[in-house]
Amino acid sequence: MTQVSFEASFQKKIDEEIMIEPQDYMPDEYRKTLIRQISQHAHSEIVGMLPEANWITRAPSLRRKAVLLAKVQDEGGHGLYLYSAAETLGITRDQMLHQLHTGAAKYSSIFNYPTITWADMGAIGWLVDGAAIMNQVPLCRTSYGPYARAMVRVCKEESFHQRQGYEIMLSLAKGTPVQKQMAQDALNRWWAPALMMFGPLDAVSPNTAKSMEWRIKRFTNDELRQRFIDVTVEQIRILGLELPDANIKWNEERGHYDSSELNWDEFWNVVKGNGPCNKERLATRVKAWEDGAWVREAASAYAEKRKTKKAA
Amino acid sequence: MSNENKEWPLWEVFIRSKAGLDHKHAGSLHAADAQMAIENARDVYTRRMEGISIWVVESKHIHASNPEEAAAFFDPAQDKIYRHPTFYNLPDELKHM
Amino acid sequence: MSSITTLKYTLQLADNVLIMGQRLAAWCGKGPVLEQDIALTNISLDQIGQARSLYQYAALIINNMPAADKAHLFNAPLLQEKINNQHTITEDDLAYLRDAWDFRNCLLVEQENGDWAYTVARSFFFDRFQYLLYAALQKSMDSTLAAIAEKSLKEVQYHIKWASEWVIRLGDGTAISKEKMQQALQARWEYTGELFAMNAIEQAAMQANIGVDVSSLQQAYQQQIEAIVNEASLQMPTAAWMQTGGKNGVHTEHLGYILAEMQYLQRAYPNMEW
Ligand SMILES: [Fe+2]
Ligand SMILES: [Fe+2]
Ligand SMILES: [Fe+2]
């Protein structure tokens, strides 16, 4: 087959919703896009452990402690599944981590915001995991097989994350006045960053069109963001909290809620590394990795020794 | 010999979810040796009671069929429907066969 | 047999696993490699789970006690007032409202995480003890404690495996890891003597046939530790003096900080549901 016919049969498969597998032909650009997207996603899971992990030792009840610990552990697992999926494309986990540690790779900006009260554990589980789920469910049918299968596993595990977060918010919102205030404060702070998790507006999103054509993405940023606003407004009402944006209004004509324009200046600044916790998060990851170097080396050396002992 | 920058090898994990079923590919992970790979698989892939038995094999030992030969490999089975029990017309009175 | 004995004995068991679980939980997100991050969290979750079962049982005992018997159980005023006011006590009251001198965990579990070798050494020494303890506790006359021991024993079997393998791996890994592992074993060994020194609660519990004679476990412990240390081609650690105190409420300075962190929300916003 010629290069052209390879590409034609690739696109035909995509159009017929036949999954692409690691050894199949794929255009370089498709491979690159996938590596970028999957590794970014994996980094987000791993860096995303940090803002919540810092509350595990302070959780206000033993039940909450266990649940939060299990939740953050799951995020580590998600990172692991996703790194594995990316590894089928010819990049190693160490290479991806190197890109993260040197700042060459991005991760979701949401994790560069600080978690300053316990209610943030509620808001993150509810809004951040909620937004992530909305982004991720369509990815269970993404065109690359290993990515899709990793996402099936991830989505299965995610379902308890949002519920535990919402449950925290419920306890607070139905609790004492100061607890309710804590919940409201968290909602107000996490609302806009959560909406930004869906990425820039479609009009300025550089990667959306090609990703849609390749079925790596299945809905645009704006579609998913709107869907999230629509379902979340109802959930805020059930909590009995105030809407975090005065411009949220039902638009009969569109059949959707309208809301304020987001502050995209802030968004791009956090992406560029100027968020409140960018430096700290990265430094924590780098330190964990460097502190662990002698441990990883020791295990390799031991495995090597045992192998030679067995052979002898 | 220096082990610097040497990544732990990648392993493929296969899990038997209940007695009587086959081991099924669950995913992959990194581990320094087989023992660690089995334990890591237990910690990573069976946290929700997904398994009762684990196999691991270093990924580099897996050999796969070539997708370009898929037609030659798998199409010829398509017209051998006589390998399937429903190919045979038997009277309805005949039970348990 | 007095229910106070069962209560105090249960609390001591609970305190050990809670503080150990709390310490290990601090590793979450910071492990040397993802797979081990997840492994350590699993162990921590097991321990927190054990602590919950034990605190729930302790709370039940308190709630069923006649008022006169429980008028002076704890130094911590918030908790004691709740008890005196006939509130139903929960697992969280016991974990979150007692102060350091009410805690009866051994000194070993409250020691700092340090690096991976120190964390491994602490788990290695503690888990091995827990294994022997729970194995014996399965025969407790108290059926709840026996049942908790039986369930926990399965978990601890895996914890032992994990810790022992890391001792061997680091001991027989690189020159650096060998040195670090040896140092960590040496540094933590002085906290192991206390595990086998019977305190008054353990004495009473043993006499009532609900608790374990921990002093009788020491020989097996020593042998099992030594076997692994040898396999790791390391030296058995030595101690000129064994530290004690935790089991009698006299802790190292670490416990105060652990509790300050763990209990702060319950302290800053008392009497609320979370
Ligand atoms: Fe996530
Ligand atoms: Fe996740
Ligand atoms: Fe999640």
Side-chain angles (χ1 to χ4, degrees), chain A residues 42 45-66 68-70 72-77 79-80 83 93 97 117-118 168 171-172 174-176 178-179 182 284-285 287-306, chain C residues 18 21-42 44-45 48-49 51-52 55-56 90-92 94-96 115-117 120 165-166 168-178 180-181 232 258 261-266 268-269 271-274:
Chain A
E45 301 282 356
I46 300 312
V47 177
M49 294 171 82
L50 302 176
E52 289 181 287
N54 90 58
W55 277 92
I56 292 167
T57 53
R58 291 179 288 168
S61 75
L62 295 180
R63 177 171 177 271
R64 293 278 181 229
K65 186 188 292 291
L68 185 60
L69 184 51
V72 179
Q73 179 192 45
D74 272 356
E75 305 300 5
L80 194 156
Y83 283 129
R93 193 198 290 178
L97 289 176
T117 73
W118 170 251
I168 291 174
S171 308
L172 296 173
K174 308 286 178 217
T176 61
V178 68
Q179 285 176 304
M182 199 184 268
T284 305
R285 281 311 315 162
K287 182 173 187 307
W289 184 248
E290 287 175 353
D291 286 352
W294 70 269
V295 179
R296 296 188 301 273
E297 273 167 42
S300 294
Y302 174 73
E304 202 61 46
K305 275 188 205 174
R306 206 158 60 165
Chain C
L18 175 62
Q22 171 81 358
R23 275 299 196 204
L24 291 184
W27 269 103
C28 185
K30 303 185 177 79
V33 67
L34 263 177
E35 285 81 353
Q36 290 300 318
D37 207 301
I38 293 169
L40 209 49
T41 302
N42 271 347
S44 173
L45 279 169
I48 292 167
R52 292 190 63 192
Y55 283 129
Q56 283 164 12
T90 67
E91 55 176 19
D92 291 327
L94 295 170
Y96 286 85
D115 66 10
W116 191 250
V120 165
E165 282 172 9
W166 271 109
I168 295 167
R169 218 174 260 134
L170 296 181
D172 198 15
T174 62
I176 295 172
S177 70
K178 187 186 196 68
K180 284 182 188 277
M181 194 64 243
I258 294 173
E261 183 174 346
M262 186 175 82
Q263 300 177 336
Y264 111 88
L265 266 168
Q266 291 267 0
Y269 305 91
N271 299 317
M272 297 184 198
E273 296 288 326
W274 297 93

| note | From the list C/L18, C/V120, C/N42, C/L40, the residue making the most non-hydrogen contacts under 4.5 Å with chain A is C/N42
| remark: Cut-off 4.5 Å, heavy atoms of chain C, and the answer for A/T57 is both
| request: Considering only heavy atoms and a distance below 4.5 Å, find which of A/T117, A/I168, A/T176 pairs most often with chain C. | output: A/T176
| task | Examine whether an atom of C/W27 lies under 4.5 Å from a heavy atom of chain A, and if so say whether it belongs to the side chain, the backbone or both; otherwise answer neither. | result | neither
| said: Is C/A175 close to chain A through its backbone or its side chain, or both, or neither, when contacts mean heavy atoms under 4.5 Å? | reply: neither
| query | chain C heavy atoms under 4.5 Å from A/Q179: which part of the residue, side chain, backbone, both or neither? | reply | side chain
| Above 12 or not: heavy atoms from other molecules or residues under 6.0 Å from CD of C/E273? | no
| said: What's the separation between atom CG in C/D37 and atom CD in A/E75, rounded to the nearest 0.5 Å? | reply: 12.5 Å
| request: Look at atom OH of C/Y264 and say whether more than 12 heavy atoms of other residues, nucleotides or ligands are closer to it than 6.0 Å. | output: yes
| said: Can you list everything that forms a side chain to side chain contact (heavy atoms under 4.5 Å, CB included) with A/A298? Sequence neighbours excluded, please. | reply: C/L170, C/T174, C/S177
| message | Which one wins on heavy-atom pair count under 4.5 Å against chain C: A/R93, A/K174, A/R306? | response | A/R93
| Using a cut-off of under 4.5 Å for heavy-atom pairs, which of A/G175, A/G79, A/A303, A/A299 has the most such pairs with chain C? | A/A299
| said: Among C/I48, C/D172, C/D115, which residue has the highest count of heavy-atom pairs closer than 4.5 Å to chain A? | reply: C/D172
| field | Heavy-atom closest contact (C/I38 atom, A/Q73 atom, distance) | value | O-NE2, 2.9 Å
| task | Quick one: pull up CG in C/L24 and CD1 in A/I56 and give me the separation to the nearest 0.5 Å. | result | 12.0 Å
| message | Walk me through whether A/E297 and C/K180 qualify under salt bridge (charged side-chain N to carboxylate O under 4.0 Å, His left out). | response | CA-CA 13 Å; A/E297 273 167 42; C/K180 284 182 188 277; over 6 Å; no
| said: For a quick test of reading the model, state the closest non-hydrogen atom pair linking A/A53 to C/C28 and the distance between them. | reply: CB-O, 3.6 Å
| request: Could you tell me which portion of C/A26 (side chain, backbone, both or neither) has an atom closer than 4.5 angstrom to a non-hydrogen atom of chain A? | output: both
| request: Considering only heavy atoms and a distance below 4.5 Å, find which of A/L62, A/L172, A/V295, A/L80 pairs most often with chain C. | output: A/L62
| query | Of the backbone (N, CA, C, O) and the side chain (C-beta and beyond), which part of A/R63 lies under 4.5 Å from a heavy atom of chain C, both, or neither? | reply | both
| query | Just how far is it from atom CG of C/L265 to atom CH2 of A/W118, taken to the nearest 0.5 Å? | reply | 7.5 Å
| request: Go through A/P60, A/A59, A/G76 and name the one with the most non-hydrogen pairs under 4.5 angstrom from chain C. | output: A/P60
| remark: Here the pair of heavy atoms bringing A/R296 nearest to C/P32 is NH1-O, 2.8 Å
| message | Taking side chain as everything from C-beta outward and backbone as N, CA, C, O, which of these in A/R58 sits under 4.5 Å from a heavy atom of chain C? Side chain, backbone, both or neither. | response | both
| task | Find the distance between OG (A/S61) and CE (C/M272) and round it off to the nearest 0.5 Å. | result | 14.5 Å
| said: Quick check on the interface: out of C/M262, C/Q266, C/K30, C/Q263, who has the most heavy-atom pairs with chain A under 4.5 Å? | reply: C/M262
| Where does A/L97 contact chain C at under 4.5 Å (heavy atoms): side chain, backbone, both or neither? | neither
